[in-house]
Protein chains: 2
Amino acid sequence: MTTRIQRRNRRKILDAALDVFSAQGFRGATLDQIAGVAGLSKPNLLYYFDSKEAMHRALLDDLLDVWLEPLRALNPDGNGKAEILAYMRRKLQMSREFPRESRLFANEVLQGAPRLGDQIGGDLKKLVDESAALIRRWIAAGQLAPVDPYHLIFSIWALTQHYADFDAQIRMIRDGADPMEGADAFLETLFERLLKP
Amino acid sequence: MTTRIQRRNRRKILDAALDVFSAQGFRGATLDQIAGVAGLSKPNLLYYFDSKEAMHRALLDDLLDVWLEPLRALNPDGNGKAEILAYMRRKLQMSREFPRESRLFANEVLQGAPRLGDQIGGDLKKLVDESAALIRRWIAAGQLAPVDPYHLIFSIWALTQHYADFDAQIRMIRDGADPMEGADAFLETLFERLLKP
DNA sequence: AGAGACCTTGACTGGTTGGTCAGGTCTGCT
DNA sequence: AGCAGACCTGACCAACCAGTCAAGGTCTCT
């Protein structure tokens with residue numbers, strides 16, 4: 001049974017942990033930092049989670065579901081090009097709404113995905129393989145230009161997540177303007193032209 | 001004056017540091033790991049570099065020059081579309097040849113570029129601004145489809161570096177096959193279609 | 001109100017890490 | 001050979017860090 005206080009504090013801790021892990025990486029983050037952001041004492045963090053690693057794992061477990069939802073939402077009966085464009089838009093929207101999650105994921109993968117290897121090799125791979133097969137069917141049906149489906153998926157990931165992951169760089173180059181200003185239109189054009197049969 | 005031994009050992013240390021920093025991030029890396037990879041003792045590392053941070057800075061200083069060289073090589077008198085495509089090819093080649101450097105850079109930017117802020121805000125921004133102006137001239141001359149030059153540059157960075165930075169993920173999805181297999185052809189098609197006037 | 005479970009924390013511990021230092025070894029030069 | 005300077009290291013230190021624990025505070029339910 002979980003109490004009201006438990007729910008509130010677990011949420012506060014995970015939110016703070018996401019702040020810190022996504023900005024510093026797993027090893028760079030300290031429990032003191034997380035405790036500071038959460039407004040709780042360090043021993044109290046460890047009352048709710050067994051270890052620093054448990055917090056990280058809890059975040060990653062939640063993350064993968066959310067992260068893959070847009071890909072799962074591809075509709076096999078829809079129009080190929082429209083579906084891919086919609087997928088791209090959803091991914092871009094996620095970078096806008098959940099930049100911390102994007103950076104958490106990026107940190108993890110950059111370091112070889114030591115704590116995420118199983119799920120990437122399992123669930124994620126399966127979903128990507130299925131989506132690739134679906135894209136191939138769309139191509140065969142003439143709804144999409146013939147492009148490699150894997151690279152197509154990777155390119156959507158790369159382009160959309162770049163705005164969240166490299167936010168600091170883009171912001172400095174663009175003098176602090178919203179890094180994603182104009183991104184929608186640009187990506188729309190890019191994929192429109194790439195995919196036109 | 002620098003001796004032969006100094007040159008050899010500095011090189012060994014920076015190479016080992018690049019290995020470790022790019023795989024673990026700055027805070028995640030330890031001097032013991034670097035010493036192990038370099039085959040030198042920890043105090044010996046500190047005989048050649050004042051601190052852990054000095055090693056990191058030395059790497060970043062070297063890096064930015066190499067990293068921006070392809071962008072500097074844009075030829076204002078060349079054909080716009082051909083120049084951009086050539087730039088993309090050079091960037092992709094760099095991801096292939098220098099994946100560790102790419103990941104070092106990604107780690108740094110992901111964490112807000114705390115040790116690279118000045119250079120990104122200075123040299124890099126200046127170079128990008130100039131390149132963007134050049135791209136606009138090419139567009140005005142009808143050599144290139146009218147796209148936002150900043151987003152065009154970002155898209156090249158995103159797509160090419162993704163193969164180095166997210167290597168672990170791509171490798172798992174593609175069952176260990178060379179992650180960049182087919183990338184050249186895919187990106188060629190993508191930018192060809194995007195940029196055709 | 002009172003009992004009992006739940007929540008919180010100051011003080012501590014053992015291990016790790018960046019960095020120091022005194023003294024020893026090697027190298028290149030005459 | 002012998003010397004000066006460059007190179008190297010074991011032993012050490014202070015700071016930091018994840019995690020523990022006993023003791024005290026708070027909430028909830030009757």
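Computed from a prediction, not measured in an experiment: that's the story for all the values here. Below, chain A is the first sequence line, B the second, and so on; all start at residue 1.
Counting only heavy atoms from C-beta outward, the side chains of A:M88 and A:E188 approach each other to under 4.5 Å.
Both B:R4 and B:R27 lie close to DNA chain D; mapped to their nearest nucleotides by heavy-atom distance, the more 5′-ward contact belongs to B:R4.
Enclosure of atom CG in A:D50 is not indicated, since only 12 or fewer non-hydrogen atoms of other residues, nucleotides or ligands lie within 6.0 angstrom. Other residues, nucleotides and ligands contribute more than 12 heavy atoms inside 6.0 Å of the CG atom of B:D62. Within a 6.0 Å radius of CG in B:N75, more than 12 heavy atoms belonging to other residues, nucleotides or ligands are found.
If you measure from atom CD1 of A:I5 to atom C1' of D:dG25, you get 12 Å, rounded to the nearest angstrom. Rounded to an integer number of Å, the gap from A:Q24 CD to D:dC17 P is 11 Å.
Taking 4.0 Å as the cutoff to heavy atoms of chain A, we find the contact window on DNA chain C bounded by C:dC6 to C:dT17.
Using a 30° and 60° split on the angle between ring planes, A:H56 and A:F21 fall in the perpendicular class, above 60°. Relative orientation of the B:H151 and A:Y163 rings is tilted, given thresholds of 30° and 60° on the angle between their planes.
For the side-chain contact (heavy atoms from CB on, under 4.5 Å) test with B:L190, the passing option among A:L152, A:L194, A:L195, A:V147 is A:L194; the others fail.
Listed in residue order, the members of residues 32-55 of chain A having a heavy atom less than 4.0 Å from DNA chain C are A:S41, A:P43, A:N44, A:Y47, A:Y48.
For the pair B:Q6 and D:dC7, the criterion of a side-chain N or O lying under 4.0 Å from OP1 or OP2 is met.
One finds no salt bridge joining B:K196 and B:E192 here, because no Lys/Arg side-chain nitrogen approaches an Asp/Glu carboxylate oxygen to under 4.0 Å.
Note on the helix from C:dA1-D:dT30 to C:dT30-D:dA1: terminal axis deviation equals 20°, with five pairs used at each end and the result rounded to 10°.
Although no hydrogens or angles enter the test, the distance criterion places a donor-acceptor pair under 3.5 Å between the side chain of A:S95 and the main chain of A:T160. Using modelled atom types, no side-chain atom of A:Q24 and backbone atom of B:Q111 make a donor-acceptor pair closer than 3.5 Å.
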